[in-house]
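So the structure is just underneath, and the comments pick up after that.
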Amino acid sequence: MQKYDYLIVGSGLFGSVFAHEAKKKGKTCLVIDKRKHLGGNIYCENVDGINVHKYGPHIFHTNDKYIWDYVNQFAEFNNYINSPVSLSKGKLYNLPFNMNTFYQLWGTKTPEEAKVIIDNQVKKYGCKNPKNLEEQALSLIGKDVYETLIKEYTEKQWGKKAKELPSFIIKRLPIRYTFNNNYFNDKYQGIPIGGYNKIITGLLTGIDTKVNIDYFNNKEKLTNLANKIVFTGKIDEFYNYQYGSLEYRSLRFENKRLEKVNHQGNAVMNFNDSDIPYTRIIEHKHFEFGKQKHTIITKEFSEKWTKEKEAYYPINNDENQKIYQKYKELSIKDSNIIFGGRLAEYKYYDMHQIVASALSKVKLEFS
Ligand code: FAD
Ligand code: UDP
């Protein structure tokens, strides 16, 4: 077996960007993945002509022109703008929280009218130093929006009370006093035409890859294949859970082909109510403005993570952060291993942040 400069564990966006850049520097890489395909969570499966986002809806967005140009090297992006709607107690509301949402909730027609209601509720229910997601939401947007569109969705999504979750999670969502349903504030946004696999294929062209290989099933042999390792799996698993297991949230996806052109009129529909077992339904064709005679939908169920399941979200509350810090300290001493990505850094990264983080690790490595 050839000896590589880098063994890259995980072919998601982090591992693939790292491999691509290392190759440009003249280094050899072997990228392995335990799944049966490359691409990690951005992988798309073409089912009957529709690109199905196999691991949940992925919309690329960034404010950084450098990152936008970087991904545009590998695929052309369309002009899709994410504008989810949320069903709550039988009524539909626009997201993120904006003048349309406020009109749907209260009938307010001007920013002043909406602001009066929100300011009153924030004064009554909010606080100066919000310490958890519930306090943060009440302090930003008040009780009605929190109870109609946040509380039940959040508790279903995370399997925890909103009071037990970190406040930063809800700050991901914009609040606007304009009639603008764009879920993101970023300057650049879109979906790669033809799906995300084009990006992975572009990144990994000319690089050795192997799928269906779990690093932990053959750790010693695989480690000996390279001078250095880039690890993008779970950091606690890497260290054999010696400080205990970090908490993650898992997901289950139920896909269905429907013999109709248009099921829900939107790519993403959220379901706030706790008695509906899934958090959202994705209708994939709308990401690429598909005109097929059929459609494919995915119900997304949020599930408790156990060691046999895929970990999708880190749960970054204080307890887990403390455990993560211990693993991080170990990882700093392991100078022959680069830890990167959502699972190895235990961070709620979006794709643009992953690209930026991989590029900065590359810069450090090759400077
Ligand atoms: P991953 O894509 O998870 O890749 C890690 C890879 O490592 C996996 O393929 C895994 O199989 C492999 N691996 C792990 N352990 C081992 C092992 N022991 N041996 C071999 N291989 C291993 N971001 C956005 O910007 N916009 C969005 O709209 C968006 N939507 C999302 C929706 C959902 C439901 C989820 C879960 C994430 C979403 N994201 C979104 C975030 C985005 O998926 C991540 O930022 C990005 O894909 C993470 O890349 P990564 O390389 O760190 O991890
Ligand atoms: N959220 C919510 N209601 C919604 C959508 C999101 O309360 O209809 C909250 C929820 O806590 C979620 C967080 O906002 O986890 C971040 O939402 P985002 O859409 O960014 O989540 P992701 O796409 O990463 O699952």
Side-chain angles (χ1 to χ4, degrees), residues 7-18 31-43 53-62 82 84-88 93 95-97 101 133 136-137 141 145-146 148-158 160 162 165-166 168-174 183-184 186 189 191 196 200 210-219 222 230-235 237-238 248-251 253 267-272 279-280 282 287 298 300 302 310-314 340-345 347-355 357-358:
L7 169 75
I8 299 179
V9 181
S11 64
L13 199 51
F14 188 98
S16 299
V17 168
F18 193 98
V31 179
I32 61 163
D33 206 294
K34 65 180 180 183
R35 294 184 187 169
K36 61 178 186 211
H37 58 75
L38 302 169
N41 287 342
I42 68 172
Y43 173 74
H53 294 202
K54 194 79 180 149
Y55 302 98
H58 278 75
I59 301 98
F60 200 96
H61 57 97
T62 180
N82 198 32
V85 284
S86 179
L87 186 74
S88 176
Y93 298 88
L95 293 175
F97 315 123
T101 329
L133 195 153
Q136 181 68 78
I141 193 78
V145 173
Y146 175 64
T148 310
L149 295 167
I150 298 175
K151 185 178 178 354
E152 289 172 55
Y153 184 97
T154 292
E155 295 187 346
K156 201 160 46 165
Q157 162 70 13
W158 295 98
K160 285 190 185 300
L165 289 163
F168 82 88
I169 293 177
I170 202 61
K171 288 198 188 152
R172 287 169 61 88
L173 273 53
Y183 202 58
F184 304 110
D186 290 343
Q189 183 175 169
I191 302 285
Y196 283 89
I200 296 296
K210 280 189 196 309
V211 292
N212 289 315
I213 295 197
D214 189 325
Y215 175 66
F216 297 113
N217 288 346
N218 222 334
K219 191 171 172 183
L222 288 165
V230 175
F231 183 78
T232 74
K234 298 198 297 291
I235 190 166
E237 186 177 18
F238 187 90
Y248 304 89
R249 196 70 178 149
S250 195
L251 299 171
F253 302 100
V268 183
M269 188 171 294
N270 290 358
F271 292 82
N272 182 69
T279 50
R280 46 191 176 188
I282 307 308
F287 285 127
T298 301
E300 187 173 318
S302 188
E310 287 285 352
Y312 288 99
Y313 293 89
R342 225 188 208 206
L343 300 174
E345 293 182 67
K347 207 165 173 189
Y348 195 172
Y349 274 132
D350 277 337
M351 290 180 280
H352 60 294
Q353 295 164 320
I354 290 284
V355 175
S357 158

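In listed order, ligands and their atoms are each counted from 1.
- Qualifying side-chain hydrogen bond (donor to acceptor under 3.5 Å, both in side chains) partners for Asn82, counting only residues two or more places apart in sequence or in other chains: Tyr80.
- Annotation: side-chain hydrogen bond (donor to acceptor under 3.5 Å, both in side chains) contacts of Lys219 (sequence neighbours excluded): none.
- A donor-acceptor pair under 3.5 Å is absent between the side-chain atoms of Thr101 and the main chain of Leu95, judged by distance alone.
- Relative ring orientation between Tyr313 and Trp158 is described as perpendicular, the plane-to-plane angle rising above 60° on a 0-90° scale split at 30° and 60°.
- Of the possible donor and acceptor atoms, none in the side chain of Glu345 sits under 3.5 Å from a partner among the backbone N and O of Gly340.
- Ring geometry, His352 versus Phe60: the interplanar angle exceeds 60°, so the pair is classed perpendicular (tilted spans 30 to 60°).
- Of the listed residues (Arg280, Arg249, Lys156), just one forms a side chain to side chain donor-acceptor pair (under 3.5 Å) with Ser302, and that residue is Arg249.
- Results of the side chain to side chain contact (heavy atoms under 4.5 Å, CB included) test with Ser86 over Val268, Asn272, Ile150 single out Asn272 as the only residue that passes.
- Listed as neighbours of ligand 2 are Leu95, Leu149, Ile150, Tyr153, Thr154, Gln157, Trp158, Ile169, Ile170, Arg172, Leu173, Tyr183, Asn270, Arg280, Tyr313, Tyr348, each bearing a heavy atom under 4.0 Å from the ligand.
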Between ligand 1 and the protein, tabulate every N or O atom pair separated by less than 3.5 Å, reporting distance only.
| from | atom 1 | to | atom 2 | distance (Å) |
| --- | --- | --- | --- | --- |
| ligand 1 | 2 (O) | Asn41 | N | 2.9 |
| ligand 1 | 3 (O) | Asn41 | ND2 | 3.4 |
| ligand 1 | 9 (O) | Asp33 | OD1 | 3.2 |
| ligand 1 | 9 (O) | Asp33 | OD2 | 2.6 |
| ligand 1 | 11 (O) | Asp33 | OD1 | 2.7 |
| ligand 1 | 11 (O) | Arg35 | NE | 3.4 |
| ligand 1 | 18 (N) | Asp214 | OD1 | 2.9 |
| ligand 1 | 19 (N) | Tyr215 | N | 3.0 |
| ligand 1 | 21 (N) | Lys34 | N | 3.1 |
| ligand 1 | 23 (N) | Asp350 | OD1 | 3.3 |
| ligand 1 | 23 (N) | Met351 | N | 3.3 |
| ligand 1 | 25 (O) | Met351 | N | 2.7 |
| ligand 1 | 26 (N) | Ile59 | O | 2.8 |
| ligand 1 | 28 (O) | Pro57 | O | 3.3 |
| ligand 1 | 28 (O) | Ile59 | N | 2.8 |
| ligand 1 | 30 (N) | Pro57 | O | 2.8 |
| ligand 1 | 39 (N) | His58 | NE2 | 3.4 |
| ligand 1 | 43 (O) | His58 | NE2 | 2.7 |
| ligand 1 | 45 (O) | Tyr349 | O | 2.8 |
| ligand 1 | 51 (O) | Leu13 | N | 3.2 |
| ligand 1 | 51 (O) | Phe14 | N | 3.0 |
| ligand 1 | 52 (O) | Arg342 | N | 2.9 |

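- Using cut-offs of 30° and 60° on the angle between ring planes, the pair Tyr55 and Phe253 is perpendicular.
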